[in-house]
Amino acid sequence: GDGAGTDAQHVATGLAGADNPFVGSQDYTAMAWVRYDTVATGGNDDDKMIFGQAVDENVLHLGARGNTYLQGHWGNDNTGGTISVNEWRHVAFRYQDGEQTILVDGEAIATDAKGGVTVDAEVVIGTTRSSEDREMSGDLDEVRIYAGALLDASIADIVAGGDGNLDGGGDDGDRPSGISDVVKADGAGGAISFNFPAGTTYDVEFSTDLIEWSVIATGITGSYTEADADLNGAPSGYYRGVAK
């Protein structure tokens with residue numbers, strides 16, 4: 001039935017209207033641990049969708065088509081990878097600056113430039129176009145939807161058991177190799193510094209939101225110091241090193 005519990009055919013999210021991160025050209029990231037118990041064998045109307053919209057229009061559809069992962073904005077579809085049934089996989093769908101990316105277990109498997117979602121209907125988990133046979137078949141866990149595009153490193157951190165923030169606080173789990181602890185500016189424009197292992201060359205990156213990062217220094221070895229952490233008028237920013 002159309003219940004909203006964890007054992008329902010699909011689960012309503014309440015994300016609609018101004019709270020819908022999927023509509024138009026907005027960036028988004030949607031992810032879950034997924035274990036399919038079967039994949040579609042018929043045509044497009046036998047999809048197995050993780051995220052969608054339960055109306056019969058040109059809707060969002062993120063999940064599986066046949067034995068392939070699908071990121072669909074109705075006619076603007078990105079596909080890749082091969083689904084193995086009865087095996088847990090972490091699957092993430094990201095839309096950033098008009099580019100779709102599917103990531104499985106933290107690795108990008110398909111990227112394509114496509115248009116955005118046009119239908120503003122409530123986002124649901126476990127189906128799309130509910131009058132058709134497009135329901136998820138299997139198990140989902142740790143389902144997340146972000147109104148923004150997460151970095152590959154943040155997604156990899158979540159796969160490894162962290163919270164994806166890469167901010168040095170909380171339960172970050174096993175940080176991906178090649179990325180330093182993140183240093184937060186003190187808010188008063190004071191100096192920040194950190195070290196990378198000897199013999200490592202890295203770039204220094206800066207962010208105000210832990211999502212979008214910009215390179216501010218390249219080819220650094222050993223320690224790095226930023227005397228004025230009030231970079232670009234943003235004393236609340238973050239710094240990190242990324243190995244080259």
Check whether any side-chain N or O of [X] sits under 3.5 Å from a backbone N or O of [Y] as a donor-acceptor pair, and report yes or no.
| X | Y | answer |
| --- | --- | --- |
| Gln100 | Asn76 | yes |
| Glu122 | Gly14 | yes |
| Gln26 | Asn20 | yes |
| Ser137 | Asp37 | no |
| Tyr95 | Gly116 | yes |
| Arg129 | Gln53 | no |

(message) So if I apply the side chain to side chain contact (heavy atoms under 4.5 Å, CB included) rule between Arg89 and each of Tyr36, Trp33, Tyr69, which one comes out positive?
(response)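 Of Tyr36, Trp33, Tyr69, side chain to side chain contact (heavy atoms under 4.5 Å, CB included) with Arg89 is met by Tyr69 alone.
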
(request) Could you check Phe51, Tyr146, Phe93 and say which one makes a side chain to side chain contact (heavy atoms under 4.5 Å, CB included) with Met31? (result) Tyr146

(message) If the condition is salt bridge (Lys or Arg N to Asp or Glu O under 4.0 Å), which residues does Arg35 pass it with, not counting sequence neighbours?
(response)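 If we apply the salt bridge (Lys or Arg N to Asp or Glu O under 4.0 Å) test to Arg35, skipping adjacent residues, the hits are Asp139.
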
Could you grab the distance from atom [atom1] of [X] to atom [atom2] of [Y], nearest 0.5 Å is fine?
| X | Y | atom1 | atom2 | answer |
| --- | --- | --- | --- | --- |
| Arg94 | Leu62 | CZ | CG | 13.5 Å |
| Thr128 | Asp56 | OG1 | CG | 9.0 Å |
| Gln71 | Thr111 | CD | OG1 | 8.5 Å |
| Asp152 | Asp157 | CG | CG | 12.5 Å |
| Asp120 | Leu60 | CG | CG | 11.5 Å |

(message) Other residues, nucleotides and ligands only: do more than 12 of their heavy atoms fall within 6.0 Å of CD on Glu99?
(response)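 Correct, the count exceeds 12.
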
(message) Assess the residue pair Arg65 and Arg134 against the criterion (side-chain contact (heavy atoms from CB on, under 4.5 Å)); give the C-alpha distance rounded to whole Å, side-chain angles, the decisive distance to 0.1 Å, and a yes or no.
(response) CA-CA 9 Å; Arg65 176 162 291 169; Arg134 298 176 186 253; 3.9 Å; yes

(message) Can you list everything that forms a side chain to side chain donor-acceptor pair (under 3.5 Å) with Thr68? Sequence neighbours excluded, please.
(response)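 Partners of Thr68 under the side chain to side chain donor-acceptor pair (under 3.5 Å) test: none.
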
Minimal non-hydrogen separation, [X] against [Y], with atom names:
| X | Y | result |
| --- | --- | --- |
| Val55 | Ala121 | CG2-CB, 3.7 Å |
| Gly66 | Val39 | O-CB, 3.1 Å |
| Val59 | His61 | O-ND1, 2.9 Å |
| Tyr202 | Gly241 | CD1-CA, 3.8 Å |
| Ala110 | Gly80 | CB-CA, 4.0 Å |
| Tyr224 | Ile216 | OH-CD1, 3.7 Å |

In this structure, would [X] and [Y] fall into the same cluster of hydrophobic residues linked by side-chain contacts under 4.5 Å?
| X | Y | answer |
| --- | --- | --- |
| Val91 | Val124 | no |
| Val34 | Val104 | yes |
| Ile125 | Val119 | no |

(message) Under 3.5 Å, is there a donor on one side chain and an acceptor on the other for Trp74 and Asn58?
(response) yes

(request) Might you work through the side-chain contact (heavy atoms from CB on, under 4.5 Å) test for Val11 and Leu140, ending with a clear yes or no? (result) CA-CA 11 Å; Val11 178; Leu140 299 173; over 6 Å; no

(request) Supply the members, apart from Met49, of the Ile/Leu/Val/Met/Phe/Trp/Tyr cluster built from side-chain contacts under 4.5 Å; use none for a lone residue. (result) Leu70

(request) State, with a plain yes or no, whether a side-chain heavy atom of Ile83 is found less than 4.5 Å away from one of Lys48. (result) no

